Amino acid sequence: GVTPLGNVTITGGVITVSSNDDGLHADGVMTVSGGTIKVLTAYEGVEGFNIVVSGGDLSVTSKDDGFNSTATSGAGITLSGGKVYIYAGGDGIDSNSTTSKGAIIFSGANVVVICTSNGNAAIDSDGGYSHTAGKVIAITSTGGMTSECTNGNSTGMTVKSSISLSNGGYMSVSVSGSTTLTLKVPVSLNAHVVYLGSSSATISTTSSSSASFDSNGVCWH
C-alpha cells in the first residue's frame with residue numbers, strides 16, 4: 001500500500017559493488033550518511049535524481065561519470081560530510097541542474113575527484129557550483145573541459161593550470177606551509193588541478209612520500 005519514491009538510503013555498513021551499469025542507482029534521492037562504500041567498477045558510479053552525501057567513506061571507479069544527478073534544477077548533488085574519492089573515465093561529478101551556482105553544493109565533505117579523459121571534467125555542472133566548506137581537489141586532463149571546474153562560488157580557490165602527474169608519483173596540497181592532502185597518483189596525466197578550500201594553496205609533485213595512505217592512495221592531514 002506504499003507508493004515507492006525511488007529513494008535509496010545508506011546509513012552504515014560495508015558495501016562493495018561491481019556493475020556493468022550503475023554501481024549505485026536511485027530514481028529518486030540517493031543518500032549516504034555513513035558506512036564504507038566501494039564501487040570497484042561500473043559504467044556510472046553513482047546515479048540519482050539527487051545525490052546527497054553527509055557522511056561515510058565513499059570511493060568510486062567508473063568508466064563514465066563518477067556521480068551523475070539527473071535533476072534539472074536545484075542542488076542536484078550535495079556533499080556536506082564524509083570522504084569521497086572518484087576516479088572517472090567521464091565526468092567526475094556531473095549535475096544536470098541549471099540553477100546558477102547551485103547545481104552542486106560542497107558544504108563539508110573532503111573530496112578527491114580525478115577525470116582522465118579529454119572532453120570531460122572533474123566537476124561538470126550546467127549551472128555552476130557553490131563551495132562553503134570542506135576540502136576539494138579536482139584533477140582534469142588539460143585536454144578536458146577545465147573551465148567547468150572553476151565555474152563556481154568558493155570560499156577559496158587555487159588553480160594549477162598545468163602539472164605533469166606520474167603514475168605512482170605523489171601530489172600534495174599545502175596551505176600556509178602545512179600539508180592538507182597527499183595523493184598517490186593512479187595515472188600519468190598532464191593535469192589541470194583546482195583546489196577548493198584556500199585561494200593561496202601550493203600544489204606540487206614529489207617522487208616519494210612517507211604519508212599514511214588509505215586504500216585509494218589518499219592521505220588527509
Side-chain angles (χ1 to χ4, degrees), residues 2-72 75-97 103-106 109-126 129 136-141 144-145 148-149 167 183-187 189 213-218:
V2 176
T3 301
L5 301 175
N7 299 333
V8 175
T9 300
I10 300 172
T11 60
V14 177
I15 300 172
T16 303
V17 176
S18 295
S19 172
N20 289 323
D21 196 6
D22 298 339
L24 303 175
H25 179 92
D27 289 343
V29 182
M30 169 62 67
T31 301
V32 177
S33 61
T36 300
I37 302 99
K38 292 183 178 294
V39 178
L40 300 178
T41 181
Y43 182 70
E44 289 196 331
V46 179
E47 183 176 72
F49 187 78
N50 299 107
I51 299 171
V52 178
V53 179
S54 61
D57 190 340
L58 177 57
S59 67
V60 170
T61 300
S62 62
K63 296 177 182 177
D64 195 33
D65 297 346
F67 279 16
N68 182 42
S69 164
T70 59
T72 57
I77 299 172
T78 302
L79 306 176
S80 63
K83 294 189 296 183
V84 175
Y85 174 89
I86 298 172
Y87 180 64
D91 293 319
I93 301 174
D94 183 9
S95 172
N96 293 299
S97 170
I104 301 170
I105 305 295
F106 298 102
N110 286 344
V111 180
V112 173
V113 54
I114 303 167
C115 166
T116 62
S117 67
N118 294 338
N120 290 283
I123 303 172
D124 182 9
S125 52
D126 287 2
Y129 63 81
V136 179
I137 187 82
I139 301 171
T140 303
S141 166
M145 299 186 299
E148 290 288 336
C149 295
N167 188 355
L183 173 68
K184 186 174 183 179
V185 180
V187 62
L189 194 67
F213 296 98
D214 65 16
S215 61
N216 295 313
V218 178

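Keep in mind it's a predicted model, so treat the numbers as computed, not measured. Just so you know, residue 1 is the first one in the sequence shown, and it goes up from there.
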field: Results of side-chain hydrogen bond (donor to acceptor under 3.5 Å, both in side chains) for Asn120 - residues two or more places apart only
entry: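 side-chain hydrogen bond (donor to acceptor under 3.5 Å, both in side chains) check on Asn120 returns Ser117.
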
- prompt: Who pairs with Asn7 by side-chain hydrogen bond (donor to acceptor under 3.5 Å, both in side chains), at least two apart in sequence or on another chain?
  reply: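 With neighbours one apart ignored, the set is empty.
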
Backbone N/O of [Y] and side chain of [X]: donor-acceptor pair under 3.5 Å:
X	Y	answer
Ser95	Ala103	yes
Ser69	Phe49	yes
Asp91	Ala121	yes
Tyr85	Ile114	no

Which atom names give the shortest non-hydrogen contact between [X] and [Y], and what distance separates them?
X	Y	result
Ala71	Gly76	CB-CA, 4.3 Å
Gly23	Val17	O-CG1, 3.3 Å
Ser18	Leu40	OG-CB, 3.7 Å
Ala122	Cys115	N-CB, 3.6 Å
Ala88	Gly66	CB-N, 3.9 Å

query: What pairs with Lys184 under salt bridge (Lys or Arg N to Asp or Glu O under 4.0 Å), at least two apart in sequence or on another chain?
result: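 Not a single residue meets the salt bridge (Lys or Arg N to Asp or Glu O under 4.0 Å) criterion with Lys184.
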
- request: Check Thr78, Ile123, Ile77, Val84 against Phe106 for a side-chain contact (heavy atoms from CB on, under 4.5 Å) and give me the one that passes.
  value: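 Testing Phe106 for a side-chain contact (heavy atoms from CB on, under 4.5 Å) against Thr78, Ile123, Ile77, Val84 leaves exactly one candidate, Ile123.
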
From [atom1] ([X]) to [atom2] ([Y]), nearest 0.5 Å:
X	Y	atom1	atom2	value
Lys63	Asp21	NZ	CG	10.5 Å
Phe67	Ile104	CZ	CD1	10.5 Å
Thr140	Asp124	OG1	CG	9.5 Å
Ile51	Met30	CD1	CE	7.5 Å
Ile37	Ile15	CD1	CD1	5.5 Å
Ile139	Ile86	CD1	CD1	12.0 Å

query: Under 6.0 Å from the CG atom of Asn167, do we count more than 12 heavy atoms belonging to anything else shown?
result: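 Enclosed: over 12 neighbouring heavy atoms sit under 6.0 Å from CG of Asn167.
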
- prompt: Do Lys38 and Ser215 come within less than 4.5 Å of each other through their side chains, counting heavy atoms only?
  reply: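 Of all side-chain heavy-atom pairs linking Ser215 with Lys38, at least one is under 4.5 Å.
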
query: Would you call Asn216 and Val112 a side-chain contact if the rule is heavy atoms closer than 4.5 Å?
result: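 Not touching, per the 4.5 Å side-chain cut-off.
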
- prompt: Do Ser141 and Asn118 pass the side-chain hydrogen bond (donor to acceptor under 3.5 Å, both in side chains) test, and can you show the C-alpha distance, the side-chain angles, and the key distance before you say yes or no?
  reply: CA-CA 6 Å; Ser141 166; Asn118 294 338; 2.8 Å; yes

- prompt: Going through the distances and angles, do Val218 and Asn110 end up as a side-chain contact (heavy atoms from CB on, under 4.5 Å)?
  reply: CA-CA 11 Å; Val218 178; Asn110 286 344; over 6 Å; no

- request: Could you please spell out the steps behind the side-chain contact (heavy atoms from CB on, under 4.5 Å) verdict for His25 and Val8?
  value: CA-CA 8 Å; His25 179 92; Val8 175; over 6 Å; no

message: Between Ile93 and Val111, does the side-chain contact (heavy atoms from CB on, under 4.5 Å) criterion hold? Intermediate values first, please.
response: CA-CA 10 Å; Ile93 301 174; Val111 180; 4.2 Å; yes

